[in-house]
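Reading through the structure tokens given below for one structure.
These numbers were taken from a predicted model, which means no experiment stands behind them. Chain naming here is simple, since letters A, B, ... match the order of the sequence lines and numbering starts at 1 in each.
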Amino acid sequence: MKEVAIVGAGIHKFGRFPDESPIQIALEAVRMALQDANIPWKAIEMAYCARCYLPASTGARIGAALGKTGISIIDVESACASGAVAIRQGVLAIQSGACDVCVVVGVEKMPRGFMEPTTLGFEPWQVYMGLTTNPSYWAMNARRHMHEYGITEMHIAKVAYKNHRNSVHNPYAMYQKAFTMEEILNSPVVCSPTRLLEICAPNEGAAALVLCASEKAHKYTSKPITIAACVHSLPLYASDFRGPIYQLSAKVSNPNPGVVSAKKAYEQAGISPKDVSVAEVQDTDAFNELIHYEELGFCGPGESGRLIDEGATEIGGRIPVNASGGLISKGEPIGASHVGQMVDLVWQLRGQNGPRQVANARVGLGLVTGAMGHSAITIIKR
Amino acid sequence: MPGNEKAQKKQVPIKEGFFTMPLSPLENVRLNGSKCRKCGEVFLGKAIGCENCGSADMEELPLSKRGKLYTYTVIEHRPPGDYKGPDPFVPFGEGFVELPEGLRIVAPLTESKNLKIGMDLELVVHKLFEDANGNEVIAYKFKPV
Ligand SMILES: [Zn+2]
């Protein structure tokens, strides 16, 4: 299979920008990525735009502002995994020979507060009955896992503590503020056991990558980053708890989509969990990060509490996770979140992340999950 | 009955197919489900296809009124969208309730305190609100036994 490389990476800070349109936000990320690759827009052959909450043909509008070159620009959506699916489409386009160079951009501009339920796919009866608080589904999953394996609220708070502390060094994060354990544990409960400082906010932002067939990457960079795997899964029957579902089987037990995606991604990349130097995973609530340790094989089932206790996932630990500060501090513009994870991992592999640099990072892994159980993983290596 | 001011209001289900009929008296109403004739999986309401095996061969199956709390949380803030619960908002429990038919359904709970995984729960069928046509919209929740 043809190998695909990342030759340019760009980002627009995640946060809230009332004076900027989504197109302006996206343009900043795309221009930065093009400049990083030292490639003009007119040399780009295709583009994919990941977004959920923005209008149809957002990608076409971004392209128009860069110059109407007539190329194919397609919007893609797969809830919080939209960015990963856009990257995957770019990889497939290059592998198929449809193009040699393409741009992937993720962008979102979302209102404050809980996500609008009907966009997430909740039906009117679920709205009327109040079953539409998105984080409540994560909280119910956390409560059950805690019951089965003895993970504690302290373990959850430690994840939030680590990620907020890492964010201090990330100028692209919405919040760059460290909190004490006491502040985290005393922050208001959103949906027990989840607290305000342990949860991420939907917000605004963009991130972009320039992808290129590896055989031609030398034209643009001396440090190409190889996409070793990019996979996307939907859940097997009854294997995912996320809204807008309203029931699960009590009889059938299938591996959850994170486990399925991890297996596929490691196989595609030809690596095992111990080969991962640095990971960015979806910490939309801090408990989710713990679950992802287990899904990704960084520890065994139910052992994620011990992993955070040991400090293994801190910068300088055995397997640093969310050195960027994670979505807890960056916020989650859902079209942009995974592309943003990969931008930060590209910088990690190039060794240009300053105080949050993971020493000698060779393999980076980004993971996202979303409504309907969308699950995606991208692995890059140098 | 035109002219009869004491005419009973009409009850309508919050979602077609979720309840056994008739919807009055409420205490006789049960949740209604569909059972796949091919693989035996059970779904709340009227399933149009089996998510487990793909079969469209379903039979109606009224569900038990008693269940056990599989997991839960407490909704501390008004849910987004057109929530029809009490105004001003009152926090409430939300859980997956495991029914003997082999499924776990998401449901509001009558309590927000002293919830415990494994506790016994009982179905409460109730009027949630009146719709624009003056119909009583019937919904469900579960209460600790
Ligand atoms: Zn079936």
Side-chain angles (χ1 to χ4, degrees), chain A residues 111-120 122-148 188-196 199 202 234-252 254 285 287, chain B residues 13-16 18 33 39-45 47 50-54 67-86 89 91-108 112 115-118 128-129 131 137 139-141:
Chain A
R112 279 170 197 271
F114 295 128
M115 289 189 196
E116 203 285 309
T118 49
T119 309
L120 284 173
F122 286 101
E123 295 184 29
W125 69 270
Q126 291 172 291
V127 177
Y128 300 150
M129 282 170 60
L131 304 175
T132 54
T133 307
N134 203 28
S136 74
Y137 290 80
W138 317 334
M140 288 191 281
N141 187 51
R143 176 67 70 199
R144 184 69 200 185
H145 190 85
M146 290 163 80
H147 175 78
E148 285 179 16
V189 174
V190 178
C191 298
S192 68
T194 308
R195 296 178 168 82
L196 191 61
I199 201 166
L234 282 168
L236 294 163
Y237 174 63
S239 69
D240 193 76
F241 59 88
R242 287 175 185 81
I245 65 153
Y246 53 89
Q247 66 166 59
L248 281 176
S249 175
K251 293 186 288 189
V252 174
N254 277 319
D285 72 300
F287 176 79
Chain B
I14 193 154
K15 166 91 174 172
E16 206 60 52
F18 268 21
C39 75
E41 280 297 295
V42 175
F43 304 90
L44 175 63
C50 175
E51 293 187 6
N52 187 39
C53 76
K68 281 189 188 303
L69 191 57
Y70 177 74
T71 185
Y72 67 92
T73 184
V74 177
I75 306 296
E76 302 278 0
H77 305 273
R78 192 178 184 84
D82 189 14
Y83 171 58
K84 300 291 191 187
F89 175 75
F92 63 95
E94 176 188 49
F96 274 90
V97 180
E98 184 162 329
L99 301 177
E101 287 77 19
L103 74 166
R104 298 168 185 143
I105 62 171
V106 179
S112 65
L115 297 169
K116 228 179 146 57
I117 287 177
L128 181 62
F129 66 101
D131 69 14
V137 179
Y140 63 90
K141 53 190 173 182

| message | Is B:F43 close to chain A through its backbone or its side chain, or both, or neither, when contacts mean heavy atoms under 4.5 Å? | response | both
| Toward chain B, the part of A:E123 with a non-hydrogen atom under 4.5 Å | side chain
| field | Test ring-ring contact (aromatic ring centres under 6.0 Å, His included) applied to A:Y237 - qualifying residues, sequence neighbours left out | value | none
| query | Going by the angle between their ring planes, with limits at 30° and 60°, are A:W125 and B:Y140 parallel, tilted or perpendicular? | reply | tilted
| message | Counting only non-hydrogen atoms closer than 4.5 Å, does B:E98 touch chain A with its backbone (N, CA, C, O), its side chain (CB onward), both, or neither? | response | side chain
| ring-ring contact (aromatic ring centres under 6.0 Å, His included) partners of A:F287, counting only residues at least two apart | A:H145
| field | Contact origin within B:Y70 toward chain A - heavy atom pairs under 4.5 Å | value | both
| query | What pair of heavy atoms forms the shortest contact from A:S249 to B:R104, and how long is it? | reply | O-NH1, 3.7 Å
| query | For chain B, which residues from residues 239-246 of chain A have at least one heavy atom closer than 4.5 Å to it? | reply | A:F241, A:I245, A:Y246
Please list every donor-acceptor pair under 3.5 Å in which a side-chain atom of residues 74-84 of chain B meets a protein atom from a residue at least two apart or in another chain.
residue	atom	partner	partner atom	Å
B:R78	NH2	B:Y83	O	3.3
B:D82	OD2	B:K84	NZ	3.2

| task | Kindly indicate whether the side chain of A:Y128, heavy atoms from C-beta on, has any atom under 4.5 Å from the side chain of B:L128. | result | yes
| note | Rounded to the nearest 0.5 angstrom, the CD1-CD distance for B:I117 and A:E148 is 8.0 Å
